[in-house]
S.K.: 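Structure incoming, see below.
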Amino acid sequence: MKREPRNSDIKFKPAVVSWFKNRPDAQAHFDPVKEFLVSCYSGSNYGFINKKAYPEYRFNSVGNNEVYVVIRASQNHTLVRVRVDSLKVKIEFDDYYKTIANKHGERIDVYDFVVSKTSDLKIISDFLENMKFIILQHKLNETPIFNFVLTMVSNYALGSMNK
């Protein structure tokens, strides 16, 4: 598949449209998560990517010292993966932590959050609030760029999924 730039408008990603068309329940899990994170995001580098296996929506870039966030759709839930140095995250989130290898075999720290109901957004909100707090305590050049602004879990997301 030809690599195309990210786009926040799903109609420009035919593989995503097709995948969700065949799995409408999956889109019911995915959309509230995407809407919540988009409502909290202050950057401009976000959107769907074309991927045949499953839809993905990304925020920020891996190589720019930014907190990199990926949302992945699946049939029964949505996965939110946050790539950030584990030393910058409170231990209360250790249950969500794992180390994976990138395409070059290098180890990277990620935090995976599975969202199957609206109330699951709360832990993501708490995690992002933690990131904002930690980053404010460090010098800007030593910490990843954080483009998420949180006040609370968005009310419009509530009710969009099973609570």
Side-chain angles (χ1 to χ4, degrees), residues 1-8 10 13 15-16 19-20 23 26-27 29-117 119-150 153 157:
M1 185 178 307
K2 180 182 159 193
R3 185 177 178 150
E4 298 173 4
R6 294 177 188 170
N7 197 312
S8 60
I10 194 171
K13 299 299 179 184
V16 175
W19 195 92
F20 278 134
R23 298 163 190 87
Q27 190 164 12
H29 290 287
F30 185 87
D31 284 347
V33 176
K34 177 186 69 86
E35 290 169 7
F36 168 67
L37 288 172
V38 167
S39 75
C40 301
Y41 185 68
S42 64
S44 60
N45 187 8
Y46 65 98
F48 287 102
I49 64 165
N50 257 342
K51 201 165 191 175
K52 286 186 179 179
Y54 48 81
E56 247 186 47
Y57 198 93
R58 298 180 182 178
F59 298 87
N60 291 334
S61 297
V62 171
N64 293 340
N65 196 33
E66 298 174 320
V67 175
Y68 180 60
V69 178
V70 176
I71 310 170
R72 286 189 188 141
S74 72
Q75 185 62 44
N76 299 315
H77 65 270
T78 296
L79 175 74
V80 176
R81 173 168 283 171
V82 182
R83 181 176 173 175
V84 64
D85 183 347
S86 64
L87 297 175
K88 297 185 177 12
V89 178
K90 292 181 181 178
I91 61 170
E92 67 190 71
F93 296 102
D94 281 356
D95 289 347
Y96 304 95
Y97 169 78
K98 66 163 88 172
T99 302
I100 61 173
N102 66 12
K103 65 183 176 184
H104 305 293
E106 301 163 330
R107 295 170 54 98
I108 56 174
D109 296 334
V110 298
Y111 290 81
D112 284 348
F113 302 94
V114 175
V115 179
S116 56
K117 55 190 182 300
S119 59
D120 295 338
L121 291 173
K122 175 75 170 102
I123 192 67
I124 297 169
S125 178
D126 292 348
F127 181 82
L128 294 175
E129 274 296 329
N130 167 73
M131 289 302 307
K132 184 171 102 178
F133 176 75
I134 297 294
I135 287 169
L136 290 173
Q137 291 183 6
H138 293 84
K139 294 178 186 168
L140 187 60
N141 63 356
E142 295 176 0
T143 59
I145 297 167
F146 187 73
N147 302 20
F148 288 88
V149 180
L150 291 167
V153 176

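FYI, side chains are in, hydrogens and waters are out, and symmetry mates aren't considered; it's all heavy atoms of this structure.
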S.K.: Looking at side-chain heavy atoms only, is the closest gap between Thr99 and Val110 below 4.5 Å?
M.R.: no
S.K.: Rounded to the nearest 0.5 Å, what separates atom CG in Leu121 from atom NZ in Lys117?
M.R.: 10.5 Å
S.K.: Using modelled atom types and a 3.5 Å cut-off, is there a donor and acceptor pairing between side-chain atoms of Asp85 and backbone atoms of Lys88?
M.R.: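 Not confirmed, Asp85 side chain does not pair with Lys88 backbone.
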S.K.: Spell out, as yes or no, whether a donor-acceptor pair under 3.5 Å connects the side chain of Asn7 to the backbone of Gly47.
M.R.: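 Answer holds: no.
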S.K.: Do Val69 and Asn60 pass the side chain to side chain contact (heavy atoms under 4.5 Å, CB included) test, and can you show the C-alpha distance, the side-chain angles, and the key distance before you say yes or no?
M.R.: CA-CA 7 Å; Val69 178; Asn60 291 334; 5.8 Å; no
S.K.: Without hydrogens or angle criteria, can the side chains of Ser61 and Asn45 be said to hold a donor-acceptor pair below 3.5 Å?
M.R.: yes
S.K.: Which pair of non-hydrogen atoms, one from Ala26 and one from Ser74, has the smallest distance, and what is that distance?
M.R.: CB-O, 3.2 Å
S.K.: Can you tell me if Tyr96 has over 12 outside heavy atoms packed within less than 6.0 Å of its OH?
M.R.: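 No - once you tally the heavy atoms of other residues, nucleotides and ligands closer than 6.0 Å, there are 12 at most.
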S.K.: Considering only heavy atoms from C-beta outward, does the side chain of Ile71 approach that of Leu79 to under 4.5 Å?
M.R.: no
S.K.: Tell me, with the steps shown, if Ile100 and Arg81 meet side chain to side chain contact (heavy atoms under 4.5 Å, CB included).
M.R.: CA-CA 11 Å; Ile100 61 173; Arg81 173 168 283 171; 3.5 Å; yes
S.K.: Is there a side-chain contact between Leu37 and Val80, using heavy atoms and a 4.5 Å cut-off?
M.R.: yes
S.K.: Quick one: is the NZ or CZ of Lys34 closer than 6.0 Å to the six-membered ring centre of Tyr57, and within 45° of its axis?
M.R.: yes
S.K.: With side chains defined as the heavy atoms from C-beta onward, is the minimum distance between Ile108 and Arg83 less than 4.5 Å?
M.R.: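 Side-chain contact under 4.5 Å: yes.
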S.K.: Side chains of Asp120 and Lys122: does their closest heavy-atom pair fall under 4.5 Å?
M.R.: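 The answer is no; the side chains never approach within 4.5 Å.
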S.K.: Can you see which heavy atom on Gln27 is nearest to which on Pro32, and at what distance?
M.R.: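 In this case the closest contact between Gln27 and Pro32 is O-CD, 4.3 Å.
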S.K.: Ignoring hydrogens and geometry beyond distance, is a side-chain donor-acceptor pair present between Asp112 and Tyr97 at under 3.5 Å?
M.R.: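 Result is no, nothing qualifies.
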S.K.: Begin with the C-alpha distance, continue with both residues' side-chain angles, and end with the deciding distance and a verdict on side chain to side chain contact (heavy atoms under 4.5 Å, CB included) for His77 and Val33.
M.R.: CA-CA 10 Å; His77 65 270; Val33 176; over 6 Å; no
S.K.: Do the non-hydrogen side-chain atoms of Ser125 and Phe36 ever get within less than 4.5 Å of each other?
M.R.: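 A side-chain contact under 4.5 Å exists here.
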S.K.: Does the separation of the ring centres of Tyr46 and Tyr41 fall below 6.0 angstrom?
M.R.: yes
S.K.: Do Phe113 and Thr78 make a side-chain contact, defined as non-hydrogen atoms from C-beta onward lying under 4.5 Å apart?
M.R.: no
S.K.: Would the Tyr111 and Phe127 ring centres measure less than 6.0 Å apart?
M.R.: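 When the ring centroids of Tyr111 and Phe127 are compared, they turn out to be within the sub-6.0 Å range.
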S.K.: To the closest 0.5 Å, what do you measure between OG (Ser86) and NZ (Lys98)?
M.R.: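 Reported value, rounded in 0.5 Å steps: 14.5 Å.
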S.K.: Side chains of Arg58 and Arg72: does their closest heavy-atom pair fall under 4.5 Å?
M.R.: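 Answer no - side chains too far apart.
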S.K.: To the nearest 0.5 Å, how far apart are CZ in Phe59 and OG in Ser42?
M.R.: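 If we round to the nearest 0.5 Å, Phe59:CZ and Ser42:OG are 11.0 Å apart.
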S.K.: How long is the span from the CZ atom in Arg23 to the CZ atom in Phe30, to the nearest 0.5 Å?
M.R.: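 It comes to 13.5 Å.
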S.K.: Specify the closest pair of heavy atoms between Ala15 and Lys51, including all atoms of both residues, with the distance to one decimal.
M.R.: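 Minimum heavy-atom contact is CB-O, 3.9 Å.
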S.K.: Over 60° means perpendicular and under 30° means parallel, so tell me whether Phe48 and Phe20 are parallel, tilted or perpendicular.
M.R.: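 It falls in the perpendicular class, over 60°.
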